[in-house]
Each structure stands twice: as C-alpha cells, then as structure tokens.
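Below: the structure, in structure tokens.
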Amino acid sequence: MAVASKWRGLTPALAQQSAQVSALTKTGGEEVAASTVEALGNLLTFAAAQFNIGKNFNDVQLALLANDMLERYWHWRFDEFVFVLKEAVGGRYGTTYDRIDAPTVHGWCAVYEQERSALLDAEAQRRHKTFRLGEANREALLPLEQMPELYFRAKLEAMPDAELRRGIRFYWPQRAEEMPRKKLRIAVAILRERAAWAEHEATRAPTFDEKEEAYRRYKANWALEKEMQEMRDTGAEVID
C-alpha cells in the first residue's frame, strides 16, 4: 500500500526532489545501502505483480537486478525508479508478453534515460532564462536607498572622459562638501574601467572578423588609389 500511495500523482519533476541514489548507496553507510536495495527490490516485486504473465522474477533475480539498477543509474533520484515502473505498468513503454526479466526493465530505464536528459536540458534552460531575467531586472530588486546611486552611475557612464575629468576637478578638492566622496569615487572608477578596457583593446590580438574587415578596407583603398592614379595618368581632373 505504501508503494501504491507513492505512485499516485508522481511526476518526473516530483521525482527529482527525492534523494539521489549515489548518496544513499555510497555515502549513507552499509545499513542505508542495504535498505535502498531492499526498497528497490520491493518496488520491483510490486510492479511485476501488476502484470498477468507466466514467467516472473525469483528472489535471486530481484536482488541482482536491484543492485545492478542502483549501480547503473547511480545518478538518478530514487523516486525516478518509482516513476519508471509506474509508467511501465501503465503500458507507456510497450506491452510485456508472458515474461518480465532484467532486459525488459533495463529497456524501460533506457527509454526514460533519454526522456530524462531532455527534461534536465529544458530545466537548465529555464533556470538560465530565469537567471538572465533576474539580472535584467536587478535594478527593480535593489533597496530604495541604492536606487539614486545606480541612476547616478548610469548618468556618469553616458558622459565622455573629458567631461568626467572636468567634473572631478571642479568638485575635488575645492568643493568636496558639495559632492559626496562616494559619488566622486564612482566617477573615478568609471574612468579607470574605461582606461583598462582601452588598454585591453590596444593589446589584444585582432579577431578573424576584424582581420577580414581590415583586409576589405585595404583592398577598397588600394582599388580607389589605383583608379585615381590611372585618371592622373590620362590627364583627367582628380579631386583629392
């Protein structure tokens, strides 16, 4: 009855919330590992009993299969085994004719493994999108007292270097009391960031696209210069 109640309403998302098999069998100690094997064996027995077949597991086969499944699918959560067997009993992985054995169960697991990879990829993309949205909206999540500083920095970042320097010289040190040091430090930090980026751009190797663009401009200039020289040679008027 405990297994039957576990089956009701179980989904892959809910199954992912249970304990990972490797944590139970490798780091939980011998007692926990033995209990996990026994639990999976009971689960297999319950699932096999749902099929009206002539050839079923014996105790030795169940023990060996349970150990093999826990070793092969160590990265699964335990409730994922519950979900796979529940779906198999429901006929999702095809019809079982007169027998159920280890290859049959591993076949079910192989189908779910593919579905599982797709589900995990989709979840990873969802989390990444959520993270990106959170980054995009982080201004709205800032405490109210930080909002003026954020907008002040955005305003300074729109100014050219020369204007920023004039502003710093204007307020510091003669009028420092009119401009909080924190805001002056923001202006200085922006200038330093720009200088570091300019140094990075000056020393880095050009990309392939940049090389292609430079070569394209060189060919265009060379063709134009050649055309102008030919015009000079023929006495045509050339406007430089």
Side-chain angles (χ1 to χ4, degrees), residues 1-138 140-141:
M1 293 301 294
V3 176
S5 64
K6 189 75 171 177
W7 282 25
R8 287 195 296 269
L10 185 62
T11 65
L14 291 175
Q16 286 292 327
Q17 298 176 16
S18 62
Q20 189 169 17
V21 168
S22 60
L24 296 173
T25 57
K26 303 296 183 183
T27 61
E30 293 183 3
E31 185 176 348
V32 174
S35 298
T36 304
V37 173
E38 182 181 0
L40 184 54
N42 292 337
L43 180 63
L44 288 166
T45 300
F46 180 84
Q50 309 304 307
F51 294 96
N52 185 21
I53 53 178
K55 299 175 183 177
N56 210 322
F57 293 115
N58 58 44
D59 291 342
V60 175
Q61 290 173 328
L62 277 173
L64 291 174
L65 178 58
N67 278 283
D68 189 28
M69 291 174 68
L70 292 173
E71 182 177 351
R72 285 174 182 260
Y73 310 110
W74 57 268
H75 52 289
W76 286 18
R77 307 280 177 169
F78 187 83
D79 281 357
E80 291 185 89
F81 292 111
V82 182
F83 177 78
V84 168
L85 294 175
K86 170 195 170 187
E87 295 298 289
V89 169
R92 181 175 179 181
Y93 305 126
T95 304
T96 301
Y97 296 100
D98 194 43
R99 66 183 299 163
I100 181 172
D101 52 15
T104 302
V105 176
H106 283 306
W108 301 339
C109 292
V111 174
Y112 173 72
E113 181 73 25
Q114 295 180 348
E115 297 175 353
R116 182 180 191 272
S117 298
L119 289 171
L120 292 180
D121 287 344
E123 176 63 15
Q125 292 178 10
R126 186 193 66 78
R127 291 184 179 182
H128 178 67
K129 183 177 180 180
T130 301
F131 172 78
R132 293 293 298 273
L133 288 174
E135 286 292 296
N137 296 326
R138 66 186 178 88
L141 303 177

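Keep in mind that what you see is a predicted model, and the values were worked out from it rather than measured. Along the sequence shown, residues are numbered consecutively beginning with 1.
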*asked:* Over 60° means perpendicular and under 30° means parallel, so tell me whether F51 and W108 are parallel, tilted or perpendicular.
replied: parallel
_Looking at Q61 and N58, would you say the former's side chain and the latter's main chain have a donor-acceptor pair under 3.5 Å?_
yes
*Tell me, with the steps shown, if Y73 and H106 meet side chain to side chain contact (heavy atoms under 4.5 Å, CB included).*
CA-CA 10 Å; Y73 310 110; H106 283 306; 3.3 Å; yes
*asked:* With rounding to the nearest 0.5 angstrom, report the CG to CG distance, L65 to L70.
replied: 9.5 Å
*Are the side chains of Y93 and L85 in touch, meaning some heavy atoms are under 4.5 Å apart?*
no
*Are side-chain heavy atoms of F78 and L40 found at a separation under 4.5 Å?*
yes
*Taking all non-hydrogen atoms of both residues, which atom of T104 and which atom of I100 are closest, and how far apart?*
OG1-CA, 4.3 Å
*Would a 4.5 Å heavy-atom cut-off, applied to side chains only, mark R77 and V21 as touching?*
no
*More than 12 heavy atoms of other residues, nucleotides or ligands under 6.0 Å from CD of E115: is that the case?*
yes
*Find out whether F81 and L43 are in side-chain contact, i.e. whether some heavy atom of one side chain is under 4.5 Å from a heavy atom of the other.*
yes
*Which atom of A66 lies closest to which atom of G41, heavy atoms considered*: CB-N, 4.1 Å
*Return yes if some donor-acceptor pair links the side-chain N/O of D68 with the main-chain N/O of L64 below 3.5 Å, else return no.*
no
*Does Q50 use its side chain to pair, donor to acceptor, with the backbone of F46 at less than 3.5 Å?*
yes
*Side-chain heavy-atom pair E87, V111 within 4.5 angstrom cut-off*: no
_Value rounded to 0.5 Å, distance of CZ in F57 from CG in D101_ = 6.5 Å
*Would you kindly say whether T45 and N42 are connected by a side-chain donor-acceptor distance under 3.5 Å?*
no
*Are the side chains of Y112 and R92 in touch, meaning some heavy atoms are under 4.5 Å apart?*
no
*Is it the case that H75 and E80 place a side-chain donor and acceptor less than 3.5 Å from each other?*
no
*Are M69 and W76 close enough that some pair of their side-chain heavy atoms sits under 4.5 Å apart?*
no
